[in-house]
Asker: 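Quick one: the structure is below, questions incoming.
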Amino acid sequence: MAEIPLGLGGDPDVTPELARDHGLVADEYRLIERWLGRRPTFTELGVFSVMWSEHCSYKSSRRHLRMLPSRGAGVATAPGENAGAVAIGDGYLAVFKLESHNHPSYVEPYQGAATGVGGIIRDVLAMGARPVASLNSLRFGVLDDPRMAYLVRGVVGGIGGYGNCVGVPTVGGEVGFDPAYNKNILVNAFCLGLAREGELASAAARVVDAPVIYAGSATGRDGIHGASLLASAEFGAGSESKRPTVQVGDPFAEKLLIEACLEALQTGAVAALQDMGAAGLASSSSEMAGRAGFGVELDLDRVPLREPGLSPYEIVLSESQERMLLVAYPGRESEVLAVFEKWDVSACVVGRITREARWRTRLAGGLVADIPVRALTTDAPSYERPVKPPAAAGAQSPRPKGAQLTSAQPAAAEQPASTRCELTQFAAGSLEPAQPLSRREVSAPLASRRRRPAPTEALRAMLDSPNIASKRWVYRQYDYLVQSNTVLGPGSDAALLRVKGTKRGLALAVDSNPRACALDPYLGAIATVCEAARNVACVGARPLGITDCLNYGNPERPEIMWQFVRGVEGIRDAALALGIPVVSGNVSFYNETEGQAIPPTPTVAIVGGLDDVGKRVSSFFKSPDDVIAFVKSGTLSLAASEYEALFGLGEEHGNGLKLAQIDPELQKTLLEALTQAADRGLLSSAHDVSSGGLATALAEGCFGCEKLLGAEVTIPEFDGLGPERSLFAEGTSLVVLSYAAARRDEVGQIFAHRGLKLEAIGQVSGVPRLKIGSLIDEDCRALLAIYERALPRRLGEGD
Amino acid sequence: MLVEVFVTPKRGVLDPQGRAIEQSLKSLGFRQARGVRVGKYILLEIEAGSAAEARRTAQAMCERLLANTVIEDYRLRVEGE
Amino acid sequence: MRWGVVTFPGSLDDRDVLYALREVMGQDAVSLWHKDERLYGAECVVLPGGFSYGDYLRCGALARFAPIMNSVARLAAEGGVVLGICNGFQVLCEARLLPGALTRNRSLSFICERVTLRVENASTPLTRLLSPGELIRLPIKHGEGLYVAPEQELRRIEERGQVLLRYVDADGGLSAQANPNGSMNAIAAVANESFNVFGLMPHPEHAVEACLGGTHGLKLFGSLLQGA
């Protein structure tokens, strides 16, 4: 090792203090010196600090994520790729991932959300898939605060502004409001791509001496340390001043990058492809080389710069958007460069892959960084953070019965070997019974109206609640039609795309349930997975794969770490019970402001397959005289319900804060029954009952057709709740169906055959009136007006 | 030669942005605000022997590209004029 | 008849128009590249929706200078058919091949929804399969679709019957509520004076299959075919 990298004239001296300012603790800095056998240069220190940040290294979560069942029939990718892929039939793969962009969106909502959309699209593109649809899950605070309304407008504007211009339809998603997010909103973006089997691109640079090609926008000073500083630390009062680190998106540049990259892949000259996202060139180049066990040497003089005079530190850490890194087969780089030239996207060779597994960068011929690749990637620090249930002992929330839990344990054959040993590591701390959090951490009721409202009044309040009301104000700003695949768009239980050239459909749903997770992080996570799966099944599709985005507070606090571990366990158990692999995901920690953490919010997106898109089922009633029925597969309660949030719980309500129980096995049976009924063409509609309970679901069922319909039903009574509360109780177990009276027996048999009871409660009516026993008798036009006006009234007309 | 181009919507052409801003100003208590128009400001350098030449060139740029004269007016400020 | 569909950098619905023409309608359609001047025998050229050149400066302002636009203008002058959809409409206005201009929606936000349109002139090559006053449903998706024209010009295009489609409510009536972007006279589609260049904000290519929400777009494409 003759050559030692040198700092440059203007570089600050590297000291343990400077390392601390970079977010590296003393032990980590010592470890860096040990890896290098010397003091790092300033550039090296910067690279270590981002690569070892929570955001890039998953240092607190890595060991726990291994317990998720990532394999299964049809899974075409290994963990660690840019996105997961599952086979959908007819030679196609669905490639997808969900990712957070919470902190940037809170600092600058429009650009934060826009670049979140851009980043997840590039992750899917990096797999060699054409991005075909986006979803997003948004969690805001209460709308009374003008700042929050500003954030909502900005985030929605940014998602639309980017997605509409890049030509990827935003076909669905969810939007929720809760005071727990007043100071820390969540923006989770999902992208689905489509690829041919056998044509997935690799992110591993497996060819020595291969040229490394930089493609896309020039590098500027934007976003330096965005990943490490914004997403790996709590928010404090000074966060506003971090604005300069927020990146600005250029969807036009991304559109050209998509077309150019897909065309470049067609040449066969591309050996590997990777997005330059968080930690830019440093992370993309080291990861590409690292996956193959090789190294990389970069010549920073060749990197296109937006302004002169960037230091090596800035060049390798810049998070300028709309950039991709490609590795070409040696001698074939001109074929790749020609494609980029055709699309007017700048591209040039900036380095090469080396056999020696080191990350080396040069400026003006001089070495400025020389780091073992392993130190940045696989061997980055990983922590076993202390895990502790919250101190407040109290009523214990229910867990699934023992039998259910054991049946949900990973089958050894399905699990990577590492999973089993990991399980024992945290078992001691994490398998304690779940404890409810204090009420302060759970959302406080929006209004302190403790009076028990009349059912009609309650229904009107539900439909007027931003959580339940029509999200038309939001999705009207999204192009959900481009690419001509959208069979069911926003407003459906799940979005549905057709796959051109086949009869197939792909259903997409994204869900989170922070109120339930606040009560019980484990059961809440199970409920979230089950809800997403049910939404997909309601349109008639079979769930094929899960992607998750795990949003939590500061992992250095044992109580938060406990929430996280319980959440991952919940997803694991639900995924195993339902038989759906978790093929990709993302973790977002440090969602705290001034010491106040968000409720645990694991967001789950599920992609499902429908063999014949013509057999889809939508959520709205279709014809007068159709039978309305429900199928119930678990207990309901008012805990964590919208009703509880709006009105509180009556003192006499003994159920307290207990979350409804879930039996994942029974959920699986329900999914099978739903898809079978759809496949046989028996259903007119299927709608998952979620926020707002049965009464809300019935009202929503009437709103769908261009001509409003009505419904007349008797009142079911659930789980000893009494008639009034049964109308609004929630739980992850109720689906409302409608079907022609002549199909009654056939539909009933499908459910009965599986031990599920279908209960007819009334019929669809041509008169737009919702009648529920003697409790509710309302004009659907009036209800629809409330439902449609709720968001525009709070956010501005848009007209 | 430094040239500044101001592009504004023609009088009488609907300017929804201007209208929205005017309304917001009024709701903030600036009742004096009226006639708010939102346009573009373009700053460029033009190689030219004289200010008059720079103005002619900038004018041609506006007519061809920088402004849509169906709905927009433009005004120039040329360095040294 | 051979169709040509232009791809500018930033065009988005170009593939959707090609899909509608080729796969749904079984037509002979070629993709035309913005840097190329050749039309490859296309008799009807479609300028698709999207954000050509990022829609920087003004929507359509930069696209009109693309090499392909010389050939498009020539085709229009020779009486060939040119159809601009959404961003294509904006490009044709910028190129002065159509009267008026398109500016920011009254709401200032992007709007994606299905709207009801009333046929104002059914004796043009684009509308001959429809009848006057007929209501059709097509989706719109744009941020800058507010149609404006100087008053005199507006009067002229109204008198000559150059207004082809208007935004209306479900019963065919005009109202501020039914005019999604605030267009003058609720104009959604116009033709040039010689009725061979057409621009419309709604997207007929997104209304050609029942499973994707309607087939009224077929009547517009079909009308152009009938004349051929």
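In what follows, chains carry the letters A, B, and so on, assigned in the order in which the sequence lines appear, proteins first and then strands, with residues in each chain numbered from 1.
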Asker: What I'd like to find out is whether the side chain of B:Val70 reaches to under 4.5 Å of the side chain of C:Cys93, using heavy atoms alone.
Answerer: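 No, every pair of side-chain atoms sits at 4.5 Å or beyond.
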Asker: Heavy-atom pairs under 4.5 Å with chain C are the metric here; pick the option from B:Lys40, B:Arg64, B:Lys10, B:Glu72 that has the most.
Answerer: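 When all of B:Lys40, B:Arg64, B:Lys10, B:Glu72 are compared, B:Arg64 has the most.
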Asker: Counting only heavy atoms not in C:Phe65, do more than 12 fall under 6.0 Å of its CZ?
Answerer: yes
Asker: Please give me the minimum heavy-atom distance between B:Ile71 and C:Val148, naming the atom from each residue.
Answerer: CG2-CG2, 3.2 Å
Asker: Which one wins on heavy-atom pair count under 4.5 Å against chain C: B:Ile42, B:Val7, B:Leu66?
Answerer: B:Leu66
Asker: Let's test your reading of the structure: which of C:Glu153, C:Met184, C:Arg104 forms the most heavy-atom pairs below 4.5 Å with chain B?
Answerer: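 When all of C:Glu153, C:Met184, C:Arg104 are compared, C:Arg104 has the most.
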Asker: So which part of B:Leu65 gets closer than 4.5 Å to some heavy atom of chain C, the side chain, the backbone, both or neither?
Answerer: both
Asker: Which heavy atom of C:Ala101 sits nearest a heavy atom of B:Asn68, and at what distance?
Answerer: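 Heavy atoms only, the tightest pair is CB-ND2, 3.7 Å.
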Asker: Does CZ belonging to C:Arg166 count more than 12 external heavy atoms closer than 6.0 Å?
Answerer: yes
